[in-house]
Number of protein chains: 2
Amino acid sequence: MSQPPQPSHSLDPVQLGAYFALIEVAGLLRHAVEQQLREAGDLSYVQFQLLARLGHSQTGSHRMTDLADDVVYSRSGLTYQAGLLERRGLIARTTSPDDERGVTATITDAGRELLGRVMPGHAELIDELLFQQLPREDAQALADLLAPARDHMRSTPPRSAARRRRR
Amino acid sequence: MSQPPQPSHSLDPVQLGAYFALIEVAGLLRHAVEQQLREAGDLSYVQFQLLARLGHSQTGSHRMTDLADDVVYSRSGLTYQAGLLERRGLIARTTSPDDERGVTATITDAGRELLGRVMPGHAELIDELLFQQLPREDAQALADLLAPARDHMRSTPPRSAARRRRR
DNA sequence: GGTCTGTGCTTCGAATTTGAAGCACTTGCC
DNA sequence: GGCAAGTGCTTCAAATTCGAAGCACAGACC
C-alpha cells in the first residue's frame, strides 16, 4: 500500500472546493448547452460562440486570430470550424483590407438569422440551469468574482497561441 | 443588411456577463492547466481528474460509470482514457465483485506516486491564476455561489449517459 | 426456469482537435 | 532595396472524442 496523496501546500480545502465547483459547473453547463444547440440549430458550442461573437460586434467581423483567442481555441481548430460555418453560408471569409495575410470573418444574414433562432432557447436553458439557483444580485457577485481572474489570465503570459519555437 | 440579434428574453446583461465570464474563466484555466499537466506528468486533464478522483477516494476505486459522471465525460471516452492509464500502469481495472457487468478502476501505487508528483505544481498554478486574484473569503463565496447550480444540474434530468433509445 | 427489459462497458466509425510544419505577407533594420 | 525575423492562416498527420451498436450480465415478472 501507499501513502495517501500529499495535501497541497498551495490550496486550502475552501479553494480546492471552489476550483472543483468551477470546473464542474462549467463542464455540466457546457454539456447541457451542447445538446440544446445541436438540436436547435445543428451547432457545436464553438460554432455558436463564434456566431455570437460576430453577431454582437458592431461590424459583424473579426480577425481569425482574435476569434481564436476569444473562445480559447487553437488556430487550426478555428480554421476548421470557420470552414464548416462558411460552407453553411453562416459566415464569410475575406482577406483583411489592412493586412494581406489576415483573414476577416463576417457573419452573414443567414448566420444572424440562425443565431437569432437559437439564442432564445439557449438563454432559457442557461437561465434554467444556472440562474434559477442564483438571485439576481448573486449573478452580479459571481461576475465580479470571476472578472479579475479572467483579466489576469488574459493579460499575463498565455495567449491561445504559444510563442513559436525558434528555429 | 440585417437586424441585430434579438436580445434574449431570459437573461439580462448581468446574467449574460456572469455566464460568459464563467465559461471564459473555465476555458482559460483548463487550457493553462492542461499544459502544466502535460509537462509535469504527461497527463491530459481528464486523466488527471480521474487519478485525482481515485486517489482521494477512501478505497482508491470507483466504477467506470461513476467516474464518467464525475468528470462529465462520455462512457466510450472514459474507456479509452482508462485504457491509456492502465497501459501506463497508473490504474488497474477489475470486474466489480458485486456486479459481473461492472468494471472497477483502482489507482495503483505508481498512479499515486505520479499524482503526488504532479499535484503541487497543479495547485500552484491554480493558486497563481485563480486565487491570487481572490481573497480567501471570496473563494468561499465563489464556492457557495456555484454549489447550488452544480447540485441542480447534477440532480435534474441529464446524466452524462442519455437514456437509451427504445428499440 | 424462461423471457423481456434495463444497465455497464467496450468496440466501431466518423467527426473533431491539436501542434508542427509550411506558405505568404509584414516589419524592422541595415 | 534587401535580408532576417515575426505574424496570420492553412495544411497535415496523429490523437482524441462522441454516439450508435453490440455484447454480456442483472433484475423483474411470469
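Every chain is numbered from 1, with letters handed out A, B, ... down the list of sequences.
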For A:R150, does its backbone N or O pair with a side-chain atom of B:E24 as donor and acceptor, under 3.5 Å? no
Atom CG of A:D69 and atom P of D:dC9 are separated, to the nearest Å, by 10 Å
Is a donor-acceptor pair below 3.5 Å formed from side chain B:R101 to base C:dT7, judging by atom type as modelled? yes
Tell me whether the OP1 or OP2 atom of C:dT11 has a side-chain N or O from B:S76 closer than 4.0 Å. no
Atom pairs, N/O to N/O, protein against nucleotides 14-17 of chain C, distance under 3.5 Å?
residue : atom : partner : partner atom : Å
C:dT16  : OP2  : A:Y80   : OH           : 2.4
C:dT17  : OP1  : A:Y73   : OH           : 2.7
C:dT17  : OP2  : A:Y73   : OH           : 2.6
C:dT17  : OP2  : A:Q81   : NE2          : 2.3
C:dT17  : O5'  : A:Y73   : OH           : 3.0

What's the CG-C1' distance between B:L78 and C:dT11, to the nearest Å? 15 Å
Give a yes or no on whether the backbone of B:R93 and the side-chain of B:E86 come within a donor-acceptor separation of less than 3.5 Å. yes
Check whether any side-chain N or O of A:R93 sits under 4.0 Å from OP1 or OP2 of D:dT10, and answer yes or no. yes
Ring pair (Phe, Tyr, Trp, His ring centres under 6.0 Å) between B:Y19 and A:H122, worked out: CA-CA 12 Å; B:Y19 162 54; A:H122 178 72; 5.5 Å; yes
Using atom CG of B:L67 as one end and atom C1' of C:dT10 as the other, report the distance to the nearest whole Å. 16 Å
Gap between atoms CG and C1', on A:D98 and C:dA24 respectively (whole Å): 16 Å
Specify the separation, in whole Å, of atom CZ of A:R75 and atom C1' of C:dC23. 16 Å
Name each donor-acceptor pair under 3.5 Å that joins a side chain in residues 135-142 of chain B to protein atoms two or more places apart or in another chain, with its distance.
residue : atom : partner : partner atom : Å
B:R136  : NE   : A:D12   : OD2          : 2.8
B:R136  : NH1  : A:D12   : OD2          : 3.1
B:R136  : NH2  : A:D12   : OD2          : 3.4
B:Q140  : NE2  : B:D144  : OD1          : 3.0
B:Q140  : NE2  : B:D144  : OD2          : 3.4

Determine whether a donor-acceptor pair (N or O, by modelled atom type, separation under 3.5 Å) exists between the side chain of A:T108 and the backbone of A:G89. yes
Do B:L115 and B:L54 have side chains that approach each other closer than 4.5 Å (heavy atoms only, starting at C-beta)? no
Roughly how many Å is it from CZ in B:R30 to C1' in C:dT18, rounded to a whole number? 14 Å
Under a 4.0 Å threshold between the charged nitrogen and the carboxylate oxygen, would A:E113 count as salt-bridged to A:R117? yes
DNA chain C: 5'-proximal contact among B:T104 and A:E100 (nearest heavy atom): B:T104
Report the distance from atom CG of B:L85 to atom P of C:dC9, rounded to the nearest whole Å. 16 Å
Out of D:dG8, C:dC9, D:dC9, minimum distance to the side chain of A:D99 belongs to D:dG8
Figure out the CE/P separation between B:M64 and D:dC25, and round it to whole Å. 17 Å
